[in-house]
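Working notes for the structure below.
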Amino acid sequence: MLSVEGVCKSFAGNRVLHEVTFDVRAGEVLALVGENGAGKSTVLSLITGLQTPDSGRIVLDGEPVRAWSPQRARSAGIGSVHQELSLNPHQTVAENIFLGAWPTRGGLVLGRNLAEHARPLLERVGLDVDPRTKAGRLPLGQQQLVELAKALVSRPRLLILDEATSALDDDQVQAVFRVVRELREANSSVIMVSHRMAELFAMSDRLTVLRDGQVTATRERAETDHDDIVRLMIGRELSNLFPDRPAATEAGPRLVARGLTVPGACHGVDLELAPGRIIGLGGLQGQGQREVLRALGGLARHAGTVELDGRPCRSRSPRDAIRRGIAYVPEDRKIEGVHVAQSVRANLALPNLRTLAPASRLATVARGAENRLVDELIRRLRVKTSSPAQQVRRLSGGNQQKVALAKWLPTRPGVLLLAEPTRGIDVGTKREIYHLLRELADGGMAVLVTSGDTMELVGLCDEVAVMYEGTVVDRLSGPDLTEERLVRASVTGSVAHA
Ligand SMILES: Nc1ncnc2c1ncn2[C@@H]1O[C@H](COP(=O)(O)OP(=O)(O)OP(=O)(O)O)[C@@H](O)[C@H]1O
Ligand SMILES: [Mg+2]
């Protein structure tokens, strides 16, 4: 139904897509895969009319599209969920869903019953929220599902999902899959981008692989496997996704939380974080994991006691926490994690100014030292940027996430708090991050990580505390730490007996 033919695209002389050709058939789910910065979102932006190709063409139902724009794409039946959330946080869920496409009857806008019109769409995406809630009050995953509901308003013949599941837990992903299956059964098409390989293999009929802006192959799902796709993506084999776990350490805890409570979010949470250990916070989305991290990171008022190295510690602000050696990498990178309007260099240097401008009254930064630090971080996390001077908003989504994480590493925090550290990150870099986190732990850091990806928690952590309705209901480690038990405890909220 749609083909992309020999498309090229550059930004400021920087070639991002080169002679890209692939097609999507009616009633097919096509996966578009590739490393961070490979050009996936850029191709999709050409299909949805947000950008124009420098050369090549987009052909819809056999006709090359002309004067293409987001409006035209929408009226031609192309719906999309973008990688970056675009809801207006101050408007209600229903208003967001119908923004630009208000339901009308006989030319009259049906504004009063907007909420009623929204309900069936919310139901379709498995979202049980009041359509009159302000969108900004919902957790990220629920916002992502609202975006999906919004894309369904115009009954798309082609639905584009650019990492539409990246902030979702297993249950929510199933809801998205249901929608995708319905569309496929109705002979509509779907293009999906995801860095979760299991999802790609579960859902897609064919996979097209992009590498450095070029298509390396298109494969029928039945004729390929995980390793083949990874090889096409990154040009090499990938072994040991997760690092080995060291033997249990004898070290006493560094940070101890007792009865940690954030009103309305979590209550009575006990945690012990020790040097050399990676502790996971699991559970379905929105069970209080985020607030535990925010409380420890000085971002949420809380009750209960927290001790750091045996002394009471109550961080009242991020600055307080940072001074104590507690670093927090937030989930919503665009709002809390990076300065999108600043350069990669400025973002990476910012938390490290104290070491870069040592005791200087003039507060001048040692330029050479800064460059060395920035270059090292860019290399270590393979941040794909045209130069350190590039604005962070021009980086691909996954590369922005890398900046949000990388900037903390040189501060050598004693406690590292990570919310969804690999959200939107490609499989090759995921491996780098897992190994890096283990290295940091081995070097004496205490790590606490939340993730909606059960495989990640099981593969990476020494112990996982499972949260349900705001409190820890189970702790899994050693042979008990399996995906099955983690999922069971997450869903039932009770201790998963073997
Ligand atoms: N407006 C822009 N100006 C300059 N460079 C851009 C712009 N948009 C994208 N790029 C560059 O194009 C390349 C491809 O970006 P794109 O967002 O398509 O990657 P992606 O495959 O979607 O990656 P990810 O998995 O991280 O989302 C990146 O190197 C990015 O920095
Ligand atoms: Mg992208």
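Note that ligands are numbered from 1 as they come in the structure, with each ligand's atoms numbered from 1 the same way. Scope of the values below: all heavy atoms of this structure, side chains included, with no hydrogens, waters or symmetry mates. Owing to the predicted nature of the structure, the values given are computational and were not obtained by experimental measurement.
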ask   = Within the side chain of Ser188, is there an N or O that forms a donor-acceptor pair under 3.5 Å with the backbone of Arg184?
value = no

Ser396 near the Mg ion (ligand 2) via N/O/S, less than 2.8 Å = no

query = What residues, two or more places apart in sequence or in another chain, satisfy side-chain hydrogen bond (donor to acceptor under 3.5 Å, both in side chains) together with Thr208?
reply = Thr218

inquiry  = Is it the case that the side chain of Glu331 and the backbone of Glu336 share a donor-acceptor pair, with hydrogens and angles ignored and the cut-off at 3.5 Å?
reply    = no

query = Do you see a donor-acceptor pair shorter than 3.5 Å between the side chains of Ser451 and Glu456?
reply = yes

request  = Identify the two heavy atoms, one from Thr450 and one from Pro421, that lie closest to each other, and give their separation to 0.1 Å.
outcome  = O-CD, 3.6 Å

key: Atom-level proximity to ligand 1, residues with heavy atom under 4.0 Å   = Phe11, Val16, Glu35, Asn36, Gly37, Ala38, Gly39, Lys40, Ser41, Thr42, Gln83, Glu163, His195, Gln390, Arg394, Leu395, Ser396, Gly397, Gly398

query = Any N/O/S of Thr42 under 2.8 Å from the Mg ion (ligand 2)?
reply = no

note = Tested for side-chain contact (heavy atoms from CB on, under 4.5 Å) against Leu405, the lone hit among Leu418, Thr422, Val383, Leu377 is Leu418

Under-4.0 Å salt bridge between Asp462 and Arg438 = yes

